[in-house]
Amino acid sequence: MSNQQSSAVRHDWTPEEVTALYQQPFNDLMFQAQTVHRQNFDANEVQISTLLSIKTGACPEDCKYCPQSGHYNTGLEKEKLMEIQRVIEEAKAAQEKGASRFCMGAAWRSPTVKQMPYVVDMIKQVKELGMETCMTLGMLDGDQAKELADAGLDYYNHNLDTSPEYYEDIITTRTYQNRLDTLQNVRDSGMKVCCGGIVGMGETLRDRAGLMVELANLPHHPESVPINMLVKVEGTPMDQVEDLDPFDFIRSIAVARIMMPASHVRLSAGREEMNEQMQSMCFLAGANSIFYGCKLLTTGNPEADADRDLFQKLGIRPEQRNQEHGDKAEQAALMDAVKQQRTDAFFYDASQAS
Ligand code: SF4
C-alpha cells in the first residue's frame, strides 16, 4: 500500500473491508496504523483534556454499561446539576495546572428548556477563562445545538457506542438514528464533533468493524474519536461480560487511526485498568488523545503521576493547543504540567457520560 493510499480520507468503507483490516497480521496492522499516524500527526505528541461531571447519576437512559443510569443500582451517589460558580472554580483549577480544554458531562437524556440557560452560562464563563470547551449532555435538537454553538461551545461529545446491529442489545431508550440526528445537528451548528464507542461489551468482531464503518462513513469524520474499553461496574447488566482480549482493543485503536487518519483517536475509559505496556501499544497504534488523571479535586492522585511517568518514559509530549486559538502561555503551562512532577489532583472520570 502506498503512503498516499494509506492516509486517504474516505467515507465509503464496507464492513467486509474493515473486518479484513482488523484480521490482518498484528505487525502489519500496527505498521500501517503508525504510518498513517506519522503522515498526519507528530507521533510523539498526545492531546490532553480534562473532564468534569457537572451532573452525575439518575440518568433516564438504560445504557447497559453505564453506572449513571437510573435503571441500575450501582451505589453511585446521585447529584444535582453543579452550581456554575463551582464549575468555574474547577475550570480555573484545571487551567492553572495546564489544561487547555475543559470537558463537562451531564447524565441527561437531553437538556431541558430550564437547564439550557445554565449550561449556556457555563460555556460563556469557561470560555472567558480562555479555555476550549466541550460538553456531553445527551441528545440535542437543531435549536439546542445552535444555542450551544452561539454560546461558544467548541466540541460536543455524543457516542455511537457500537454497531447498529448490536445497538438494541445495549440501549433501548434511544435509537441509533436519534444519535445520528444529534451528530448531524451538532455538525450543522458548526461545532466540532467528538464521537466514538465502546468495545468489550460482548460484541463480535463484525460489530466492532460496524461501529468503525458508521464513524468513518459520517459525512465528516469526528474531530475526536474516543475508543473506550468497557469498565465493568457491579450492578450494571454488563458486570459479568467476558473480558476482551487486549489485542482486540489495540487493533480497534489501529483500525480507527487508519480509517480516520486526521482525527484525534482518544484512549478513553478503561485506561486505568491497562498497564503501561498496553497503553504504549495503543499510542503506537495511533491513539493521540487522553483524559489526564481520573479524579477531580481529590487529594492525592497517583494516576496523574503515573501518566506523567509514562509520558516521560516514552518521550511523549502534550500536544500544543491549536495555533488558531493560540495562547502561548497556556501551551507552556500544559508542557510544564507534564514535565514537572507535581501532585496535581483535579480530574474526574465521567467518560461514560452520554
Ligand atoms: S451513557 Fe449517558 S445516556 Fe447512557 S445512561 Fe449513562 S449518562 Fe445516561
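Whatever order the structure lists ligands and atoms in, that order sets their numbers, starting from 1. What you see below is based on every heavy atom in this structure, not just the backbone, and it leaves out hydrogens, waters and symmetry mates.
Contacts of Thr173 classified as side chain to side chain donor-acceptor pair (under 3.5 Å), with partners at least two apart in sequence or in another chain: Glu61, Asp62.
Distances below 4.0 Å separate heavy atoms of Ser69 from the following atoms of ligand 1: 5 (S). Close contacts between ligand 1 and Glu61 involve ligand atoms 3 (S), 4 (Fe), 5 (S), 8 (Fe) [criterion: under 4.0 Å to a heavy atom]. Close approach to Ala107 involves these atoms of ligand 1, each under 4.0 Å from a residue heavy atom: 7 (S).
At a threshold of 2.8 Å, atom 8 (Fe) of ligand 1 has a backbone or side-chain N, O or S atom of Cys59 nearer than that distance.
Counting only non-hydrogen atoms, the option in Gly105, Cys63, Ser53 that gets closest to atom 4 (Fe) of ligand 1 is Cys63.
Contact between Arg174 and ligand 1 is present, with at least one heavy atom of the residue lying under 4.0 Å from the ligand.
Among residue pairs with one or both ends in residues 135-147, those qualifying as salt bridge (charged side-chain N to carboxylate O under 4.0 Å, His left out) are Lys146-Asp150; sequence neighbours excluded.
Between the side chains of Ser252 and Tyr22, at least one donor N or O sits under 3.5 Å from an acceptor N or O.
Ring to ring, His220 and His11 are not that close: their centroids are 6.0 angstrom or more apart.
Remark: Glu128 does not engage Lys124 in a salt bridge, criterion side-chain N to carboxylate O under 4.0 Å.
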